[in-house]
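Accompanying notes for the structure given below.
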Amino acid sequence: AKPGFAGLRRGSLPTYVNMMNSRFISIDPAAQQARHIEVPHMSSLLFTPYTLGRIELQNRIVMAPMTRSRSIGNIPDEIVATYDQFLNTASNRRVDHWGASIEGRARFAVEVARRAAAAIGSDRVGIRLSPYGAFNGMAPDPQHDELYAALAEQLSALGLVYLHLVDHRSLNSPPVKDEIKRSLRDRFHGALILSGGYDRIRAERDLAQKRGDLVAFGRPFIANPRLPSRLREGTPLREPEPSTFYTPGEKGYTDYPIED
């Protein structure tokens, strides 16, 4: 996917920004001053952030139109959103029931998952979690492991079909410890999908050791449209061109040859 500008608005003022390569935007209730942000391929924008109240935030959890007929075949919808801003104390400094405690910090992710499951069925909903992700200033805290364990239990209780666990060590983030992966696997009773810098050998090893049920590949698919067959046949993989990531146009997206 390519980056974009997203926000909840009061009049013309966005209340958050979610984009690649932007500055980190804190949702600290005290951060009310205007600030500049740099948006790729756009001019600099000036906006005044403000903190959503408890009821207003509840009402702003808006699901895209979702019906069971919307899904393609048996492909579930994956929840990948800004809820990490609520899970992480680097950004969430609220003191109401949307922050502060482990239960409060997990509430936004659980509520989004609950509403998605109610709309299209829990058997069509998965969620992606990125413990120890460091993007945009995120950082672990002393309750980090306990938080994700509690979150996994709550998501499992909703009956979600899978949990997609991302380990960003290949992108220079702290690794997700093996004990955390085991903890999430023990607490979440749906399928566990592992991802993050995998090659064929490591994927087969982790599956054989039952660390997960599936392994997801991301970046290798960009340069290898027939990745499954190339992995199966042991064909060397092409390397993608990082300079084309999150840029407009077909180069780096649809111009890789299907065959060598």
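No experiment lies behind these values; they were computed from the predicted model shown.
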Restricting to non-hydrogen atoms, name the atom on [X] and the atom on [Y] that form the minimum distance, rounded to 0.1 Å.
X: D96; Y: R94; answer: OD2-NH2, 2.7 Å
X: Y253; Y: Y246; answer: OH-N, 2.9 Å
X: L160; Y: A113; answer: CD1-CB, 4.0 Å
X: L184; Y: A152; answer: CD2-CB, 3.7 Å
X: N92; Y: G99; answer: ND2-CA, 3.7 Å
X: F245; Y: I222; answer: CE2-CD1, 3.7 Å

Applying salt bridge (Lys or Arg N to Asp or Glu O under 4.0 Å), can you list everything that pairs with D206, at least two apart in sequence or on another chain?
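Testing D206 for salt bridge (Lys or Arg N to Asp or Glu O under 4.0 Å), a comparison that skips the adjacent residues, returns R211.
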Salt bridge (Lys or Arg N to Asp or Glu O under 4.0 Å) against E204, all qualifying residues, sequence neighbours excluded
R200
If we only count heavy atoms from C-beta on, is the [X] to [Y] side-chain gap below 4.5 Å?
X: S195; Y: V166; result: yes
X: I127; Y: H164; result: no
X: R182; Y: D178; result: yes
X: Y148; Y: L87; result: yes
X: R169; Y: Y132; result: no
X: S156; Y: R187; result: no
X: V110; Y: L158; result: yes
X: K181; Y: P131; result: no

Steps toward side-chain contact (heavy atoms from CB on, under 4.5 Å) verdict (D84, L129):
CA-CA 8 Å; D84 196 43; L129 300 180; over 6 Å; no
Assess, by modelled atom type and distance only, whether the side chains of T89 and R93 contain a donor and an acceptor separated by less than 3.5 Å.
no
Please check if any side-chain donor atom of D167 sits under 3.5 Å from a side-chain acceptor atom of Y198, or the reverse.
no
So, taking the atom named [atom1] in [X] and the one named [atom2] in [Y], what distance separates them when rounded to the nearest 0.5 Å?
X: T235; Y: N224; atom1: OG1; atom2: CG; value: 9.5 Å
X: R230; Y: R238; atom1: CZ; atom2: CZ; value: 4.5 Å
X: I102; Y: H144; atom1: CD1; atom2: NE2; value: 11.0 Å
X: L207; Y: L214; atom1: CG; atom2: CG; value: 7.5 Å
X: R226; Y: F221; atom1: CZ; atom2: CZ; value: 11.5 Å
X: F217; Y: L227; atom1: CZ; atom2: CG; value: 6.5 Å

Answer yes or no: does atom CZ of R219 have more than 12 heavy-atom neighbours from other residues, nucleotides or ligands under 6.0 Å?
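Open: at most 12 neighbouring heavy atoms sit under 6.0 Å from CZ of R219.
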Would V215 and I193 count as a side-chain contact (heavy atoms from CB on, under 4.5 Å) if you check the C-alpha gap in whole Å, the side-chain angles of each, and the deciding distance to 0.1 Å?
CA-CA 5 Å; V215 172; I193 302 176; over 6 Å; no
Given the rule in the side-chain contact (heavy atoms from CB on, under 4.5 Å) test, do Y162 and L192 qualify, once you have shown the distances and angles that lead to the verdict?
CA-CA 6 Å; Y162 71 79; L192 179 64; over 6 Å; no
NZ/NE/NH1/NH2 to OD/OE distance under 4.0 Å, R105 and D141
yes
Is a donor on one side and an acceptor on the other found under 3.5 Å between the side chain of R107 and the backbone of W98?
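A pair under 3.5 Å: no.
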Measure from the side-chain N and O atoms of N88 to the backbone N and O of Q85, and report whether any donor-acceptor pair falls under 3.5 Å.
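Absent.
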Start with the C-alpha distance between E146 and L151, add both sets of side-chain angles, then the distance that settles side-chain contact (heavy atoms from CB on, under 4.5 Å), and finish with yes or no.
CA-CA 9 Å; E146 185 181 355; L151 178 58; over 6 Å; no
